[in-house]
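Notes for the one structure printed next.
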Amino acid sequence: MVEAEIENDNTDNIRDKVFYENNVLSREFYERDTAIVAKELLGKILIVGELDNFCGGIIVEDEAYYGTNDPASHASNGITPRSRIMFENPGIAYVYFCYGNYYLLNAVTEKFGNPGAVLIRAIEPLFGIQNMMERRKNEKIIELTNGPGKLTMALNIRKEHNGKNLTSIKEGIFMLDTDKFYNDIKLSFSSLAYKLSSFKLINESQIAISPRIGIKKGRKSLLRFYLKNNKFVSRK
DNA sequence: ACCACGATGAACT
DNA sequence: GTTCATCGTGGTC
């Protein structure tokens, strides 16, 4: 059963559409209010790697972090060596080390000079599933990317990705505007052995909102967003 | 120079 | 449901 799933990872069929610059989310997408960006990133596709070797999946859970008025944010105390990146250009990656073991991926938001970032908490695997299984040392698809530290391990996101430009295919990490090639990718994955739970155009009624996870301050804000009934969401 | 703690995951019960 | 390994970061002294 696992073997069948690997064989049907039909990355080859859609390679050119994935690495098509016009399908990548632009800087303007990120240069907006962080909660709006977080909400709209649901259903979009995260890709890591090069044309001949890449992996990725559908974003199904994320969280918004602001600056001065958000005690849970790394930017709450202003610019430090770590938080500096959150004040820079929207559409770049903020990757930081957590709990002595894990790298966590964020997308920087808001206008230059205003801090903001969206933490990517879970994706639904689409491409490079075999590589993900090897990196995670786990053959269960459900366990590959259903958490912020898990997905960075599965996709091989490390501190070198910090500051990379997410709005171009050139730096090996980017986000795709699913709406632009929805029909292509839907067709390409119609024979996937495991059942895709998120591959549909996202509307408001499919999105759930909750407090953020794993923080002690700022718990009252409803800044976590996830797709209802998606089995790759880290926690209910 | 020091030190408390965390945007976690894995392995338990 | 529980505990805990692990170490970079940043605030404090």
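Here is how names work: the chains are called A, B, and so on, in the same order as the sequence lines, proteins then strands, and each is numbered from 1.
- Contacts classified as salt bridge (charged side-chain N to carboxylate O under 4.0 Å, His left out) and involving residues 207-225 of chain A (residues at least two apart or in different chains) are given here: A/E61-A/R224, A/D70-A/R212.
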Could you go through residues 34-48 of chain A and list every donor-acceptor pair under 3.5 Å that involves a side-chain atom there, pairing it with any protein atom two or more places apart or in another chain?
unit_1: A/T34; atom_1: OG1; unit_2: A/T109; atom_2: OG1; d: 2.7
unit_1: A/T34; atom_1: OG1; unit_2: A/E110; atom_2: OE2; d: 2.7
unit_1: A/K39; atom_1: NZ; unit_2: A/E204; atom_2: OE2; d: 2.6
unit_1: A/E40; atom_1: OE1; unit_2: A/R32; atom_2: NH1; d: 3.2
unit_1: A/E40; atom_1: OE1; unit_2: A/R32; atom_2: NH2; d: 2.9
unit_1: A/E40; atom_1: OE2; unit_2: A/R32; atom_2: NH1; d: 3.4
unit_1: A/K44; atom_1: NZ; unit_2: A/E40; atom_2: O; d: 2.9

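- For A/F174, the ring pair (Phe, Tyr, Trp, His ring centres under 6.0 Å) criterion is met by A/F19, not counting sequence neighbours.
- Rounded to an integer number of Å, the gap from CD1 of A/I79 to P of C/dT9 is 17 Å.
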**Q.** Watson-Crick or G-U pairs under 3.5 Å in DNA chain B, rendered as dot-bracket with [ ] for crossing pairs and | for another strand
**A.** ||||||.|||||.
Q.
Walk along nucleotides 4-13 of chain B from 5' to 3' and tag each nucleotide B, S or - by protein heavy-atom contact under 4.0 Å, base first, then sugar-phosphate.
A. --BBBSS---
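- For A/N156, the side-chain contact (heavy atoms from CB on, under 4.5 Å) partners two or more places apart in sequence, or in a different chain, are A/R135, A/R158.
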Nucleotide N/O of nucleotides 11-13 of chain C paired with protein N/O under 3.5 Å:
unit_1: C/dG11; atom_1: OP1; unit_2: A/N77; atom_2: ND2; d: 3.0

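- Here A/Y102 pairs with nothing under the ring pair (Phe, Tyr, Trp, His ring centres under 6.0 Å) rule; sequence neighbours left out.
- In this structure, the side chains of A/I58 and A/T178 stay at 4.5 Å or more apart for every pair of heavy atoms.
- Among pairs with a residue in residues 22-51 of chain A, none fulfils ring pair (Phe, Tyr, Trp, His ring centres under 6.0 Å), at least two apart in sequence or across chains.
- Counting only residues at least two apart or in different chains, salt bridge (charged side-chain N to carboxylate O under 4.0 Å, His left out) contacts with residues 145-154 of chain A comprise A/E143-A/K150.
- Residues that satisfy the side-chain hydrogen bond (donor to acceptor under 3.5 Å, both in side chains) test with A/N89, not counting sequence neighbours, are A/R27.
- With sequence neighbours left out, A/Y96 forms a ring pair (Phe, Tyr, Trp, His ring centres under 6.0 Å) with A/H74, A/Y94.
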